[in-house]
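For the single chain, residues carry numbers from 1 onward in sequence order. Here the structure is a predicted model, which means the values were calculated and not measured.
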Amino acid sequence: MSRPEPTFPQYYVGIDVGTASVRAALVDQDGSVVLTAKEPIEIWEPHPDHYVQSSNDIWDKCCHTARRVTQGVDPSRIRGIGFDATCSLVVLDKSFQPLPVNSNGEKDRNVILWMDHRAFGQAERINQTRHRVLQYVGGVMSPEMQPPKLMWLKENLHESCWEKAGHFLDLPDFLSWKATGSLTRSLCTLICKWTYSSETGWDDSFWTTIGLEDLVSDYSKIGVQVSSPGTPLGAGLSSKAAWELGLCEGTAVAASLIDAHAGGLGNTTVAASRAVSLEAAY
């Protein structure tokens with residue numbers, strides 16, 4: 001009588017980028033957390049209400065934490081990786097290099113942190129337009145959303161940043177691009193923070209109304225390919241990202257989520273799991 005083939009555990013890696021740290025978790029095929037790791041990330045405050053970070057620093061910490069939680073695990077057993085992050089704005093030039101988001105000019109400091117309120121005035125001006133896209137964001141535009149931050153960059157760093165910029169990405173989408181080379185954006189980020197509509201896409205009149213009409217002729221700067229969260233992106237991990245993360249090229253990468261939304265999904269999953277366990281007990 002032949003013996004059954006041995007089965008090997010399968011794993012997944014989840015990476016959560018919060019305001020001040022990156023956390024990674026190794027999760028088994030049953031959804032149990034096997035190991036976690038955490039690394040701090042830098043925050044700079046060059047001016048009052050200006051909070052900036054470095055996308056290079058954030059990616060480096062993603063790689064460090066991923067390697068820590070998968071140490072000793074056969075990379076071929078890692079079936080997929082997913083990212084969530086804060087709704088911070090990452091700015092890259094046309095060659096995908098960091099562009100500074102403050103007049104100080106520190107090149108690597110190319111992320112406007114979610115809690116940066118430099119664009120308060122721009123948000124107020126957007127709200128005064130009462131444009132129809134505001135219905136997608138609860139009726140009021142917050143300075144923590146991306147359109148007012150883009151306005152601020154055009155009005156205050158026109159030559160050093162706005163004219164040189166090739167790509168504006170929400171941090172969750174930056175991470176999935178860094179992992180795969182795919183510029184596909186997540187519906188989660190674009191709908192919640194950029195005024196995108198899943199039914200009609202971008203609204204040309206909105207961007208023209210707020211003085212960012214140059215985006216209308218080149219939406220590739222803010223996203224033309226969009227996927228639902230969890231959708232596999234591109235061909236999976238690129239060879240460069242796989243080496244940096246300590247994983248296999250081609251490992252599946254999911255379209256990302258905003259961190260708060262990922263937390264909500266996680267809580268729902270845990271609650272559902274507990275409900276099933278209670279039903280089984282009775």
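Applying the ring pair (Phe, Tyr, Trp, His ring centres under 6.0 Å) test to every pair with at least one member in residues 100-151, sequence neighbours left out, gives these pairs: H131-F206. Among residue pairs with one or both ends in residues 56-110, those qualifying as ring pair (Phe, Tyr, Trp, His ring centres under 6.0 Å) are F96-H167, F96-W177; sequence neighbours excluded. For residues 222-239, no residue pair satisfies the side chain to side chain donor-acceptor pair (under 3.5 Å) rule, not counting sequence neighbours. Applying the salt bridge (Lys or Arg N to Asp or Glu O under 4.0 Å) definition to pairs two or more places apart or across chains, those involving residues 91-116 are E106-R109, D116-R118. Residues in residues 233-249 take part in these salt bridge (Lys or Arg N to Asp or Glu O under 4.0 Å) pairs, two or more places apart or across chains: K240-E244. Listed by first and then second residue, the salt bridge (Lys or Arg N to Asp or Glu O under 4.0 Å) pairs that reach into residues 15-27 are D16-R23, sequence neighbours excluded. The stretch residues 188-198 participates, sequence neighbours left out, in no salt bridge (Lys or Arg N to Asp or Glu O under 4.0 Å) pair at all.
Judged purely by atom type and a 3.5 angstrom limit, N110 uses its side chain to pair as donor or acceptor with the backbone of S55. Although no hydrogens or angles enter the test, the distance criterion places a donor-acceptor pair under 3.5 Å between the side chain of R68 and the main chain of K38. Without hydrogens or angle criteria, K61 side chain to P40 main chain gives a donor-acceptor distance under 3.5 Å. In this structure a side-chain-to-backbone donor-acceptor pair under 3.5 Å is present from T180 to S176.
We find the NE2-CG distance between H47 and N102 to be 5.0 Å, quoted to the nearest 0.5 Å. Note that the CD atom of Q29 and the CZ atom of R77 stand 10.0 Å from one another [nearest 0.5 Å]. Atom SG in C62 sits 10.5 Å away from atom NZ in K178 (nearest 0.5 Å). Summarising the geometry, atom CG belonging to D84 is positioned 9.0 Å from atom CG belonging to L175; distances are rounded to the nearest 0.5 Å. In this structure, CG on L153 lies 9.5 Å from CG on L212, to the nearest 0.5 angstrom. The distance from the OG atom of S88 to the OH atom of Y51 is 13.0 Å, given to the nearest 0.5 Å.
Within a 6.0 Å sphere centred on CD of E159, heavy atoms belonging to other residues, nucleotides or ligands number 12 at most. Around the CD atom of Q10, the shell of radius 6.0 Å holds more than 12 heavy atoms that belong to other residues, nucleotides or ligands.
Residues F174 and S256 fail the side-chain proximity criterion, which asks for heavy atoms closer than 4.5 Å. In this structure, the side chains of Q53 and E42 stay at 4.5 Å or more apart for every pair of heavy atoms. Annotation: side chain of P9 is not in contact with side chain of D28 (no heavy-atom distance under 4.5 Å). A heavy-atom distance below 4.5 Å is found between the side chains of Q122 and N156. You'll find the side chain of S197 stays beyond 4.5 Å of the side chain of D203, heavy atoms only.
The shortest non-hydrogen separation linking P143 to A123 is N-CB, 3.7 Å. Minimum interatomic distance between P46 and V52 (heavy atoms only, all atoms of both residues): CD-CG2, 4.0 Å. Of all the heavy atoms in L245 and R67, the pair that sits closest is O-CG, 3.5 Å. The heavy-atom pair separating A66 from I15 by the smallest distance is CB-CD1, 4.1 Å. Between C192 and I258, the shortest heavy-atom distance links the atoms CB-CD1, 3.7 Å. Here the closest heavy-atom approach between residue I210 and residue P147 is recorded as CD1-CB, 4.3 Å.
Side-chain N/O atoms of D204 and Y219 include a donor and acceptor closer than 3.5 Å.
A search for side-chain hydrogen bond (donor to acceptor under 3.5 Å, both in side chains) contacts involving D30 returns nothing, not counting sequence neighbours. Evaluation of the side-chain hydrogen bond (donor to acceptor under 3.5 Å, both in side chains) rule for R79 yields no partner, not counting sequence neighbours. With sequence neighbours left out, the salt bridge (charged side-chain N to carboxylate O under 4.0 Å, His left out) criterion links E144 to no other residue. Remark: S95 pairs with no residue by the side-chain hydrogen bond (donor to acceptor under 3.5 Å, both in side chains) rule, at least two apart or across chains. Scanning for side-chain hydrogen bond (donor to acceptor under 3.5 Å, both in side chains) contacts around K154 gives D214, with sequence neighbours left out.
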Note to self: side chain to side chain contact (heavy atoms under 4.5 Å, CB included) for V140 and L134? Distances and angles first, verdict last.
What the structure shows: CA-CA 6 Å; V140 178; L134 294 177; over 6 Å; no
Note to self: Would D74 and S76 count as a side-chain hydrogen bond (donor to acceptor under 3.5 Å, both in side chains) here? Give the steps.
What the structure shows: CA-CA 5 Å; D74 181 348; S76 68; 2.9 Å; yes
Next item on the list: Evaluate the side chain to side chain contact (heavy atoms under 4.5 Å, CB included) criterion for residues L190 and D170: first the C-alpha distance (whole Å), next the side-chain angles of each, then the deciding distance (0.1 Å), finally the verdict.
Entry: CA-CA 8 Å; L190 291 195; D170 228 88; over 6 Å; no
Notebook entry, point to check: What's the verdict on side chain to side chain contact (heavy atoms under 4.5 Å, CB included) for M145 and T195, showing C-alpha distance, side-chain angles and the deciding distance?
Noted result: CA-CA 9 Å; M145 294 177 180; T195 74; over 6 Å; no
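Follow the hydrophobic side-chain contacts under 4.5 Å out from W207 and you reach W152 in the same cluster. Two different hydrophobic clusters hold V17 and V27 under the rule that ILVMFWY side chains link at heavy-atom gaps under 4.5 Å. The same ILVMFWY cluster, assembled from side-chain heavy atoms under 4.5 Å apart, contains both V69 and L247. Neither L113 nor V22 shares a network with the other; the hydrophobic side chains, linked directly or stepwise wherever heavy atoms of I, L, V, M, F, W or Y lie under 4.5 Å apart, form separate groups for each. Under the 4.5 Å side-chain heavy-atom criterion for Ile, Leu, Val, Met, Phe, Trp and Tyr, L257 and V90 are members of distinct hydrophobic clusters.
Of the listed residues (L171, V101, L169, L150), just one forms a side chain to side chain contact (heavy atoms under 4.5 Å, CB included) with L89, and that residue is L150.
Between Y196 and W202, the gap from one ring centroid to the other is short of 6.0 Å.
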